[in-house]
2 protein chains.
Amino acid sequence: MQKTATQAPGLHRASLTKLNELDAALELMYYGWRGMTLAADEYLAALGLSRPHHRILYVVARRPDISIGALIEVLGISKQALNRPLGLLLERKLLVSKRSPEQHRSKLLRLTAAGQRIEQSASDHERKVLREAFDRVGAPGAAAWMAVMGAIADNN
Amino acid sequence: MQKTATQAPGLHRASLTKLNELDAALELMYYGWRGMTLAADEYLAALGLSRPHHRILYVVARRPDISIGALIEVLGISKQALNRPLGLLLERKLLVSKRSPEQHRSKLLRLTAAGQRIEQSASDHERKVLREAFDRVGAPGAAAWMAVMGAIADNN
DNA sequence: ATTCTCACGTCAACTAAGTTGACATTAGAA
DNA sequence: TTCTAATGTCAACTTAGTTGACGTGAGAAT
(Lines give C-alpha, C1' and ligand atoms only; values in the text may rest on other atoms or scores of the structure.)
Protein backbone atom coordinates (compact mmCIF):
# COMPACT_ATOMS: atom_id res chain seq x y z
CA MET A 1 0.00 0.00 0.00
CA GLN A 2 1.17 3.46 -0.92
CA LYS A 3 1.47 5.48 2.32
CA THR A 4 -1.73 7.45 1.88
CA ALA A 5 -0.22 10.37 -0.07
CA THR A 6 1.88 12.04 2.64
CA GLN A 7 0.94 15.43 1.14
CA ALA A 8 2.63 18.76 1.86
CA PRO A 9 5.21 19.16 4.59
CA GLY A 10 3.51 21.95 6.54
CA LEU A 11 0.08 22.25 8.01
CA HIS A 12 -2.33 21.44 5.26
CA ARG A 13 -5.35 23.60 5.02
CA ALA A 14 -8.88 22.61 5.83
CA SER A 15 -7.97 19.53 7.84
CA LEU A 16 -9.19 20.90 11.15
CA THR A 17 -12.70 21.18 12.53
CA LYS A 18 -13.67 24.82 13.01
CA LEU A 19 -14.60 25.55 16.61
CA ASN A 20 -15.22 29.19 15.86
CA GLU A 21 -16.42 31.24 12.96
CA LEU A 22 -13.10 33.05 12.83
CA ASP A 23 -10.91 29.95 12.89
CA ALA A 24 -10.79 29.84 9.11
CA ALA A 25 -9.52 33.42 9.01
CA LEU A 26 -7.00 32.66 11.72
CA GLU A 27 -5.61 29.74 9.77
CA LEU A 28 -5.53 31.72 6.55
CA MET A 29 -3.15 34.14 8.21
CA TYR A 30 -0.72 31.27 8.91
CA TYR A 31 -0.96 29.80 5.43
CA GLY A 32 -0.95 33.21 3.78
CA TRP A 33 2.41 34.13 5.20
CA ARG A 34 3.92 30.87 4.06
CA GLY A 35 2.24 31.08 0.68
CA MET A 36 3.70 34.51 0.06
CA THR A 37 7.23 33.75 1.19
CA LEU A 38 7.73 30.19 0.00
CA ALA A 39 8.97 30.89 -3.52
CA ALA A 40 11.15 33.78 -2.36
CA ASP A 41 12.73 31.64 0.35
CA GLU A 42 13.55 28.94 -2.16
CA TYR A 43 15.10 31.49 -4.49
CA LEU A 44 17.17 32.92 -1.65
CA ALA A 45 18.21 29.50 -0.37
CA ALA A 46 19.58 28.64 -3.81
CA LEU A 47 21.88 31.66 -3.42
CA GLY A 48 22.91 30.72 0.10
CA LEU A 49 20.81 33.53 1.54
CA SER A 50 17.74 33.58 3.74
CA ARG A 51 15.02 35.78 5.19
CA PRO A 52 17.25 37.96 7.38
CA HIS A 53 19.42 38.77 4.36
CA HIS A 54 16.35 39.64 2.33
CA ARG A 55 15.04 41.89 5.08
CA ILE A 56 18.31 43.82 5.06
CA LEU A 57 18.37 44.10 1.28
CA TYR A 58 14.72 45.15 1.23
CA VAL A 59 15.22 47.96 3.72
CA VAL A 60 18.49 49.24 2.24
CA ALA A 61 16.90 49.26 -1.22
CA ARG A 62 14.21 51.59 0.11
CA ARG A 63 16.50 53.71 2.26
CA PRO A 64 19.73 54.18 0.36
CA ASP A 65 22.53 55.55 2.55
CA ILE A 66 20.86 54.29 5.70
CA SER A 67 23.20 54.08 8.69
CA ILE A 68 23.84 50.85 10.61
CA GLY A 69 22.05 52.24 13.62
CA ALA A 70 18.98 53.25 11.66
CA LEU A 71 18.92 49.85 9.98
CA ILE A 72 18.97 48.17 13.38
CA GLU A 73 16.05 50.36 14.43
CA VAL A 74 14.00 49.57 11.34
CA LEU A 75 14.66 45.83 11.50
CA GLY A 76 14.07 45.72 15.23
CA ILE A 77 17.01 43.43 15.97
CA SER A 78 20.23 43.84 17.95
CA LYS A 79 23.47 44.92 16.31
CA GLN A 80 24.91 41.51 17.16
CA ALA A 81 22.08 39.82 15.30
CA LEU A 82 22.60 42.12 12.34
CA ASN A 83 26.35 41.51 12.28
CA ARG A 84 26.45 38.07 10.63
CA PRO A 85 23.98 38.53 7.76
CA LEU A 86 25.21 42.07 7.11
CA GLY A 87 28.81 40.86 7.02
CA LEU A 88 27.90 38.21 4.46
CA LEU A 89 26.13 40.72 2.23
CA LEU A 90 29.16 43.03 2.35
CA GLU A 91 31.54 40.16 1.70
CA ARG A 92 29.48 39.10 -1.30
CA LYS A 93 29.43 42.70 -2.48
CA LEU A 94 25.65 42.88 -2.57
CA LEU A 95 26.00 45.84 -0.25
CA VAL A 96 28.66 48.49 0.19
CA SER A 97 29.32 50.71 3.18
CA LYS A 98 31.06 54.04 3.06
CA ARG A 99 31.81 56.42 5.85
CA SER A 100 29.65 59.47 5.54
CA PRO A 101 31.03 61.87 2.86
CA GLU A 102 32.53 64.54 5.11
CA GLN A 103 30.52 64.87 8.28
CA HIS A 104 29.12 62.24 10.69
CA ARG A 105 30.76 59.18 12.11
CA SER A 106 28.22 56.67 10.88
CA LYS A 107 28.59 54.23 8.04
CA LEU A 108 26.12 54.45 5.21
CA LEU A 109 24.85 51.40 3.41
CA ARG A 110 23.86 51.08 -0.20
CA LEU A 111 23.02 48.22 -2.56
CA THR A 112 25.37 47.30 -5.39
CA ALA A 113 23.94 46.47 -8.80
CA ALA A 114 24.15 42.78 -7.88
CA GLY A 115 22.41 43.46 -4.58
CA GLN A 116 19.66 45.32 -6.38
CA ARG A 117 19.09 42.45 -8.75
CA ILE A 118 18.76 39.93 -5.94
CA GLU A 119 16.56 42.15 -3.79
CA GLN A 120 14.28 42.74 -6.73
CA SER A 121 14.07 39.08 -7.71
CA ALA A 122 13.32 37.94 -4.19
CA SER A 123 10.69 40.63 -3.63
CA ASP A 124 9.25 39.91 -7.07
CA HIS A 125 8.54 36.35 -6.01
CA GLU A 126 6.51 37.67 -3.11
CA ARG A 127 4.77 40.37 -5.14
CA LYS A 128 3.87 37.87 -7.84
CA VAL A 129 1.87 35.86 -5.32
CA LEU A 130 0.10 38.99 -4.15
CA ARG A 131 -0.56 40.22 -7.67
CA GLU A 132 -2.14 36.93 -8.73
CA ALA A 133 -4.33 36.89 -5.65
CA PHE A 134 -5.41 40.49 -6.21
CA ASP A 135 -6.15 39.74 -9.84
CA ARG A 136 -8.61 37.06 -8.79
CA VAL A 137 -10.67 39.47 -6.69
CA GLY A 138 -10.31 42.72 -8.62
CA ALA A 139 -9.40 46.19 -7.39
CA PRO A 140 -12.20 46.56 -4.81
CA GLY A 141 -11.26 43.22 -3.23
CA ALA A 142 -7.63 44.21 -3.14
CA ALA A 143 -8.53 47.49 -1.47
CA ALA A 144 -10.59 45.65 1.12
CA TRP A 145 -7.68 43.30 1.80
CA MET A 146 -5.40 46.28 2.36
CA ALA A 147 -7.92 47.88 4.71
CA VAL A 148 -8.30 44.73 6.79
CA MET A 149 -4.55 44.12 6.95
CA GLY A 150 -3.98 47.73 7.89
CA ALA A 151 -6.41 47.40 10.79
CA ILE A 152 -4.75 44.17 11.90
CA ALA A 153 -1.26 45.62 11.57
CA ASP A 154 -2.23 48.53 13.78
CA ASN A 155 -2.21 46.11 16.72
CA ASN A 156 1.56 46.42 16.93
CA MET B 1 17.78 67.29 20.71
CA GLN B 2 15.40 64.46 21.62
CA LYS B 3 16.40 61.25 19.88
CA THR B 4 13.65 61.44 17.32
CA ALA B 5 11.11 59.28 19.19
CA THR B 6 12.70 55.81 19.21
CA GLN B 7 9.20 54.34 18.51
CA ALA B 8 8.21 50.68 18.45
CA PRO B 9 10.70 47.84 18.70
CA GLY B 10 9.90 46.11 15.41
CA LEU B 11 9.79 47.44 11.93
CA HIS B 12 7.56 50.44 12.06
CA ARG B 13 5.16 50.82 9.23
CA ALA B 14 5.30 53.38 6.50
CA SER B 15 8.91 54.33 7.14
CA LEU B 16 10.18 52.97 3.84
CA THR B 17 10.01 54.45 0.38
CA LYS B 18 7.82 52.31 -1.87
CA LEU B 19 9.76 51.10 -4.91
CA ASN B 20 6.79 49.17 -6.20
CA GLU B 21 3.05 49.47 -6.12
CA LEU B 22 2.81 46.20 -4.21
CA ASP B 23 5.40 47.03 -1.56
CA ALA B 24 2.73 48.35 0.78
CA ALA B 25 0.83 45.08 0.51
CA LEU B 26 4.01 43.10 1.03
CA GLU B 27 4.79 45.00 4.21
CA LEU B 28 1.23 44.65 5.46
CA MET B 29 1.66 40.91 5.39
CA TYR B 30 4.66 41.20 7.73
CA TYR B 31 2.94 43.59 10.12
CA GLY B 32 -0.36 41.75 9.91
CA TRP B 33 1.10 38.55 11.23
CA ARG B 34 2.74 40.32 14.13
CA GLY B 35 -0.36 42.38 14.81
CA MET B 36 -2.51 39.28 15.03
CA THR B 37 -0.17 37.24 17.22
CA LEU B 38 1.29 39.88 19.53
CA ALA B 39 -1.36 39.85 22.25
CA ALA B 40 -1.66 36.07 22.16
CA ASP B 41 2.10 35.65 22.47
CA GLU B 42 2.19 37.94 25.48
CA TYR B 43 -0.64 36.01 27.11
CA LEU B 44 1.16 32.71 26.45
CA ALA B 45 4.51 34.04 27.65
CA ALA B 46 2.93 35.01 30.96
CA LEU B 47 2.02 31.33 31.37
CA GLY B 48 5.48 30.13 30.39
CA LEU B 49 4.19 28.94 27.03
CA SER B 50 4.89 29.99 23.49
CA ARG B 51 3.79 29.62 19.88
CA PRO B 52 4.69 25.93 19.48
CA HIS B 53 2.63 25.09 22.56
CA HIS B 54 -0.29 27.07 21.22
CA ARG B 55 -0.05 25.34 17.85
CA ILE B 56 -0.29 21.97 19.59
CA LEU B 57 -3.23 23.05 21.75
CA TYR B 58 -4.97 24.56 18.74
CA VAL B 59 -4.74 21.40 16.68
CA VAL B 60 -5.66 19.00 19.48
CA ALA B 61 -8.67 21.18 20.33
CA ARG B 62 -9.91 20.72 16.77
CA ARG B 63 -8.97 17.04 16.48
CA PRO B 64 -9.71 15.39 19.79
CA ASP B 65 -8.12 11.93 20.08
CA ILE B 66 -5.54 12.75 17.45
CA SER B 67 -2.52 10.43 17.49
CA ILE B 68 1.04 11.65 17.96
CA GLY B 69 1.87 10.69 14.40
CA ALA B 70 -1.09 12.57 12.95
CA LEU B 71 -0.24 15.60 15.07
CA ILE B 72 3.30 15.55 13.70
CA GLU B 73 1.86 15.44 10.19
CA VAL B 74 -0.49 18.34 10.75
CA LEU B 75 2.11 20.52 12.45
CA GLY B 76 4.74 19.66 9.87
CA ILE B 77 7.56 19.19 12.38
CA SER B 78 9.67 16.22 13.45
CA LYS B 79 8.76 14.04 16.40
CA GLN B 80 11.91 15.26 18.15
CA ALA B 81 10.78 18.86 17.75
CA LEU B 82 7.34 17.96 19.07
CA ASN B 83 8.75 16.10 22.06
CA ARG B 84 9.68 19.05 24.31
CA PRO B 85 6.59 21.25 24.01
CA LEU B 86 4.27 18.23 24.07
CA GLY B 87 6.01 16.90 27.18
CA LEU B 88 5.51 20.24 28.92
CA LEU B 89 1.82 20.32 28.05
CA LEU B 90 1.37 16.79 29.39
CA GLU B 91 3.36 17.57 32.53
CA ARG B 92 1.21 20.65 33.14
CA LYS B 93 -1.89 18.56 32.54
CA LEU B 94 -3.17 20.79 29.76
CA LEU B 95 -3.19 17.66 27.63
CA VAL B 96 -3.73 14.00 28.41
CA SER B 97 -2.70 10.98 26.38
CA LYS B 98 -4.34 7.59 26.53
CA ARG B 99 -3.57 4.47 24.63
CA SER B 100 -6.25 3.73 22.11
CA PRO B 101 -9.36 2.10 23.76
CA GLU B 102 -8.95 -1.46 22.53
CA GLN B 103 -7.35 -1.50 19.12
CA HIS B 104 -4.32 0.31 17.72
CA ARG B 105 -0.95 0.99 19.24
CA SER B 106 -1.06 4.74 18.98
CA LYS B 107 -1.51 7.23 21.76
CA LEU B 108 -4.46 9.58 21.53
CA LEU B 109 -4.28 13.17 22.73
CA ARG B 110 -7.01 15.27 24.22
CA LEU B 111 -7.23 18.63 25.98
CA THR B 112 -8.05 18.82 29.68
CA ALA B 113 -10.43 21.50 30.90
CA ALA B 114 -7.43 23.66 31.80
CA GLY B 115 -5.94 23.09 28.36
CA GLN B 116 -9.20 24.07 26.74
CA ARG B 117 -9.34 27.29 28.72
CA ILE B 118 -5.83 28.29 27.69
CA GLU B 119 -6.27 27.32 24.06
CA GLN B 120 -9.46 29.33 23.90
CA SER B 121 -7.98 32.40 25.59
CA ALA B 122 -4.91 32.41 23.36
CA SER B 123 -6.93 31.94 20.20
CA ASP B 124 -9.42 34.54 21.39
CA HIS B 125 -6.66 37.13 21.50
CA GLU B 126 -5.95 36.42 17.85
CA ARG B 127 -9.61 36.29 16.83
CA LYS B 128 -10.31 39.56 18.62
CA VAL B 129 -7.80 41.32 16.38
CA LEU B 130 -9.40 39.79 13.31
CA ARG B 131 -12.93 40.55 14.46
CA GLU B 132 -12.15 44.20 15.08
CA ALA B 133 -10.51 44.53 11.68
CA PHE B 134 -13.45 42.82 9.97
CA ASP B 135 -15.87 45.08 11.80
CA ARG B 136 -14.17 48.12 10.33
CA VAL B 137 -14.71 46.96 6.75
CA GLY B 138 -18.01 45.11 7.00
CA ALA B 139 -18.99 41.67 5.75
CA PRO B 140 -18.14 42.22 2.07
CA GLY B 141 -14.67 43.47 2.99
CA ALA B 142 -14.13 40.50 5.26
CA ALA B 143 -15.20 38.15 2.48
CA ALA B 144 -12.77 39.83 0.09
CA TRP B 145 -9.98 39.45 2.63
CA MET B 146 -10.73 35.75 2.94
CA ALA B 147 -10.74 35.35 -0.82
CA VAL B 148 -7.39 37.08 -1.22
CA MET B 149 -5.80 35.15 1.64
CA GLY B 150 -7.18 31.91 0.23
CA ALA B 151 -5.56 32.64 -3.11
CA ILE B 152 -2.26 33.50 -1.44
CA ALA B 153 -2.39 30.45 0.80
CA ASP B 154 -2.84 28.24 -2.25
CA ASN B 155 0.81 28.91 -3.08
CA ASN B 156 1.86 26.29 -0.56
C1' DA C 1 5.77 -18.66 20.88
C1' DT C 2 8.99 -16.20 18.80
C1' DT C 3 9.75 -12.66 15.54
C1' DC C 4 8.52 -8.68 12.92
C1' DT C 5 7.09 -4.15 12.56
C1' DC C 6 4.79 0.07 13.67
C1' DA C 7 4.12 3.97 16.73
C1' DC C 8 6.33 6.17 19.95
C1' DG C 9 10.38 7.85 23.01
C1' DT C 10 14.88 9.64 23.65
C1' DC C 11 19.88 10.78 23.19
C1' DA C 12 23.23 13.44 20.80
C1' DA C 13 24.99 16.75 17.75
C1' DC C 14 23.85 20.34 14.76
C1' DT C 15 21.73 24.77 12.55
C1' DA C 16 19.38 29.31 12.27
C1' DA C 17 18.21 33.37 14.16
C1' DG C 18 17.94 35.61 17.55
C1' DT C 19 19.20 37.50 22.81
C1' DT C 20 22.32 40.05 26.76
C1' DG C 21 26.56 41.49 28.60
C1' DA C 22 31.16 43.05 28.18
C1' DC C 23 34.64 45.28 25.98
C1' DA C 24 37.37 47.29 21.90
C1' DT C 25 37.80 50.59 18.08
C1' DT C 26 37.34 54.70 15.68
C1' DA C 27 36.58 59.27 14.68
C1' DG C 28 34.10 63.62 15.25
C1' DA C 29 32.90 66.92 19.31
C1' DA C 30 34.25 69.45 23.46
C1' DT D 1 43.84 65.64 24.81
C1' DT D 2 39.75 63.78 26.30
C1' DC D 3 34.98 62.59 25.86
C1' DT D 4 31.43 60.27 23.57
C1' DA D 5 28.62 58.33 19.86
C1' DA D 6 28.51 54.80 16.23
C1' DT D 7 30.25 50.71 15.17
C1' DG D 8 32.54 46.05 15.78
C1' DT D 9 33.42 41.80 18.18
C1' DC D 10 33.64 38.01 21.75
C1' DA D 11 31.28 34.87 24.61
C1' DA D 12 27.49 32.51 26.51
C1' DC D 13 22.75 31.67 26.15
C1' DT D 14 17.84 30.78 24.18
C1' DT D 15 14.25 29.04 21.08
C1' DA D 16 12.74 26.26 17.71
C1' DG D 17 13.74 23.59 14.86
C1' DT D 18 16.82 19.64 12.06
C1' DT D 19 19.02 14.53 11.16
C1' DG D 20 20.76 10.27 12.74
C1' DA D 21 20.86 6.47 15.82
C1' DC D 22 18.94 3.57 18.87
C1' DG D 23 15.59 1.80 22.40
C1' DT D 24 10.81 0.25 23.89
C1' DG D 25 6.21 -1.70 23.95
C1' DA D 26 2.38 -3.81 21.90
C1' DG D 27 -0.19 -5.85 17.99
C1' DA D 28 0.41 -8.66 13.80
C1' DA D 29 2.48 -12.57 11.21
C1' DT D 30 4.35 -16.95 10.59
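Chain identifiers are assigned alphabetically (A, B, ...) following the order of the sequence lines, protein sequences preceding nucleic acid strands; residue numbering begins at 1 within each chain.
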Which nucleotide sits closest to the side chain of Ser67(B): dT10(C), dA16(D), dC8(C)? dC8(C)
Could you give the CD1-to-C1' distance, from Ile68(A) to dG8(D), as a whole number of Å? 9 Å
DNA chain C: 5'-proximal contact among Ser78(A) and Ala70(B) (nearest heavy atom): Ala70(B)
Name of the residue among Asn83(A), Leu90(A), Leu88(A) meeting side-chain contact (heavy atoms from CB on, under 4.5 Å) with Leu86(A): Leu90(A)
Asp41(A) has an atom CG; how far is it from atom C1' of dA17(C), in whole Å? 13 Å
Under-3.5 Å N/O pairs linking protein and nucleotides 22-27 of chain C:
none

Can we say Arg84(A) and Glu91(A) salt-bridge, meaning some charged N sits less than 4.0 Å from an Asp/Glu carboxylate O? no
Nearest whole Å is fine: how far is dA17(C) C1' from Leu88(A) CG? 14 Å
Taking atom P of dA7(C) as reference, at what distance in whole Å does atom CG of Leu82(B) sit? 16 Å
Over-ring placement of Arg62(B) relative to Tyr58(B), 6.0 Å and 45° cut-offs: yes
Expressed as a whole number of angstroms, how long is the span from Arg51(B):CZ to dT14(D):C1'? 18 Å
Could you pull out the closest heavy-atom pair between Gly35(B) and Asn155(A), with the gap in Å? O-CB, 3.5 Å
Check this for me, if you would: do Lys128(A) and Glu132(A) make a salt bridge, where the nitrogen-to-carboxylate-oxygen distance has to be below 4.0 angstrom? yes
Leu89(A) has an atom CG; how far is it from atom P of dG8(D), in whole Å? 13 Å
Are any of the side-chain nitrogens in Glu21(A) or Arg127(B) under 4.0 Å away from the carboxylate oxygens of its partner? no
Looking only at dA16(D), dT18(D), dG18(C), the nucleotide nearest the Ala81(B) side chain is dT18(D)
Between Asn83(B) and dG9(C), is there a side-chain N or O to OP1/OP2 distance below 4.0 Å? no
Leu49(B) has an atom CG; how far is it from atom C1' of dA16(D), in whole Å? 15 Å
Picking from dA17(C), dG9(C), dG17(D), which would you name as closest to the side chain of Arg55(B)? dG17(D)
In this structure, how many angstroms lie between the P atom of dA17(C) and the CG atom of Leu44(A), rounded? 11 Å
Is there a side-chain contact between Ser50(A) and the phosphate of dA16(C), meaning an N or O under 4.0 Å from OP1 or OP2? no
Starting from the C-alpha separation in whole Å, work towards a yes-or-no answer on side chain to side chain donor-acceptor pair (under 3.5 Å) for Ser123(A) and His54(A). CA-CA 8 Å; Ser123(A) 298; His54(A) 186 200; 3.0 Å; yes
